[in-house]
Amino acid sequence: QQQVKQSPQSLIVQKGGISIINCAYENTAFDYFPWYQQFPGKGPALLIAIRPDVSEKKEGRFTISFNKSAKQFSLHIMDSQPGDSATYFCAASGRGYQKVTFGIGTKLQVIP
Amino acid sequence: ETGVTQSPTHLIKTRGQQVTLRCSSQSGHNTVSWYQQALGQGPQFIFQYYREEENGRGNFPPRFSGLQFPNYSSELNVNALELDDSALYLCASSLGASGRAGEQFFGPGTRLTVL
């Protein structure tokens, strides 16, 4: 049972464009939604995270939009750069117990 | 502040053997979680240790076991290795607290290949 569904699995964006990755979850007990960035041969690195009491969080070029009623959240990367080329994972975890459930990942390629 | 470190970086074993992977948590963190990441997939939760006690387990068989030490470092042991155990094994540390989930910081992983 895939508790966090992520799409698309691959994405090609031109430099300067907007990259958008979408996720949906099923478990209403989730209360923390991080996004991770992973480069080949490296572990995932926390990029940005949101809790369900806010609808949007922005850090630099990265924005999370959160829709609690639809149980959906998305990552927007503005002004995408070739250095952003990586695999992005949405994730979710619940109260008191820090297991993180990951989506399948989106391989982003930003072309010049 | 030292980040999460893992050893070894790479490991090759044969089917049926046993393996031990090690993780040192980030300074100040008391919780360690282990994940298995198969090629092209997201990390899958194996188990978590909080103050030397197992604090939750994912859908992995008992031949996957672990330990956490008083300094909060941790080991993952896998017995009777199978070909499907070939994966990147990730350790993540965090500061455990009741009530709300918190940030987890991942190490670079150990790439295990089972032949």
Side-chain angles (χ1 to χ4, degrees), chain A residues 1-10 21-25 27-54 57 59 64 75 86-108, chain B residues 3-7 9-10 21 23-26 29-51 53-60 66 68 87-111:
Chain A
Q1 181 188 8
Q2 189 179 359
Q3 292 197 35
V4 179
K5 295 182 180 179
Q6 182 173 351
S7 63
Q9 291 189 34
S10 64
I21 304 171
N22 299 301
C23 286
Y25 64 97
N27 188 345
T28 55
F30 288 146
D31 83 332
Y32 177 69
F33 301 88
W35 284 87
Y36 287 87
Q37 179 188 57
Q38 186 176 30
F39 292 103
K42 304 292 185 183
L46 181 67
L47 190 62
I48 186 173
I50 197 168
R51 296 195 187 272
D53 47 356
V54 298
K57 183 174 182 179
E59 290 185 2
I64 301 178
L75 176 70
T87 299
Y88 292 81
F89 294 96
C90 62
S93 61
R95 295 180 178 274
Y97 164 42
Q98 296 179 36
K99 164 187 174 178
V100 178
T101 300
F102 285 81
I104 197 167
T106 297
K107 187 172 183 179
L108 171 65
Chain B
V4 179
T5 60
Q6 293 186 243
S7 63
T9 305
H10 296 88
L21 310 181
C23 171
S24 292
S25 59
Q26 184 167 314
H29 286 179
N30 57 12
T31 302
V32 172
S33 303
W34 286 91
Y35 294 81
Q36 180 195 66
Q37 186 177 19
L39 202 61
Q41 301 294 316
Q44 298 291 314
F45 177 76
I46 303 175
F47 43 58
Q48 181 183 91
Y49 281 83
Y50 172 65
R51 293 184 175 177
E53 297 288 330
E54 187 176 291
N55 186 41
R57 188 178 184 93
N59 189 26
F60 280 81
Q68 187 179 31
L88 181 68
Y89 287 85
L90 296 162
C91 167
S93 77
S94 55
L95 183 58
S98 62
R100 307 196 81 175
E103 297 180 15
Q104 294 196 1
F105 295 86
F106 284 81
T110 293
R111 172 71 62 187

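Side chains included, hydrogens not; waters and symmetry mates left out as well; all remaining heavy atoms used. The structure displayed is predicted, hence computed values, not measured ones. Note on naming: letters A, B, ... go to the chains in the order of the sequence lines (proteins, then strands), and numbering restarts at 1 for each one.
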*asked:* At a heavy-atom distance under 4.5 Å, which candidate from B:Gln44, B:Gln41, B:Arg111 has the highest pair count against chain A?
replied: B:Gln41
*Among B:Pro43, B:Gly42, B:Ala92, who wins on heavy-atom pairs under 4.5 Å with chain A?*
B:Pro43
*asked:* side chain to side chain contact (heavy atoms under 4.5 Å, CB included), that's the test. Do B:Glu54 and B:Arg57 meet it? Break it down for me.
replied: CA-CA 8 Å; B:Glu54 187 176 291; B:Arg57 188 178 184 93; 3.5 Å; yes
*Contact part of A:Gln9 toward chain B, heavy-atom cut-off under 4.5 Å: side chain, backbone, both or neither?*
neither
*So which heavy atom on B:Ser93 is nearest to which on B:Val4, and how close?*
OG-CG2, 3.3 Å
_Can you tell me how far apart CD1 (B:Ile46) and CZ (B:Phe60) are? Round to the nearest 0.5 Å._
4.5 Å
_Students often mix this up, so state it plainly: with edges at 30° and 60°, are the rings of A:Phe102 and B:Tyr35 parallel, tilted or perpendicular?_
perpendicular
*Answer yes if the side chains of B:Gln48 and B:Thr31 hold a donor-acceptor pair under 3.5 Å, and no otherwise.*
no
*Pick whichever of A:Gly41, A:Pro44, A:Gly43 has the most heavy-atom pairs under 4.5 Å with chain B.*
A:Pro44
*Measure distances from B:Gln6 to the heavy atoms of chain A and classify the residue's part below 4.5 Å as side chain, backbone, both or neither.*
neither
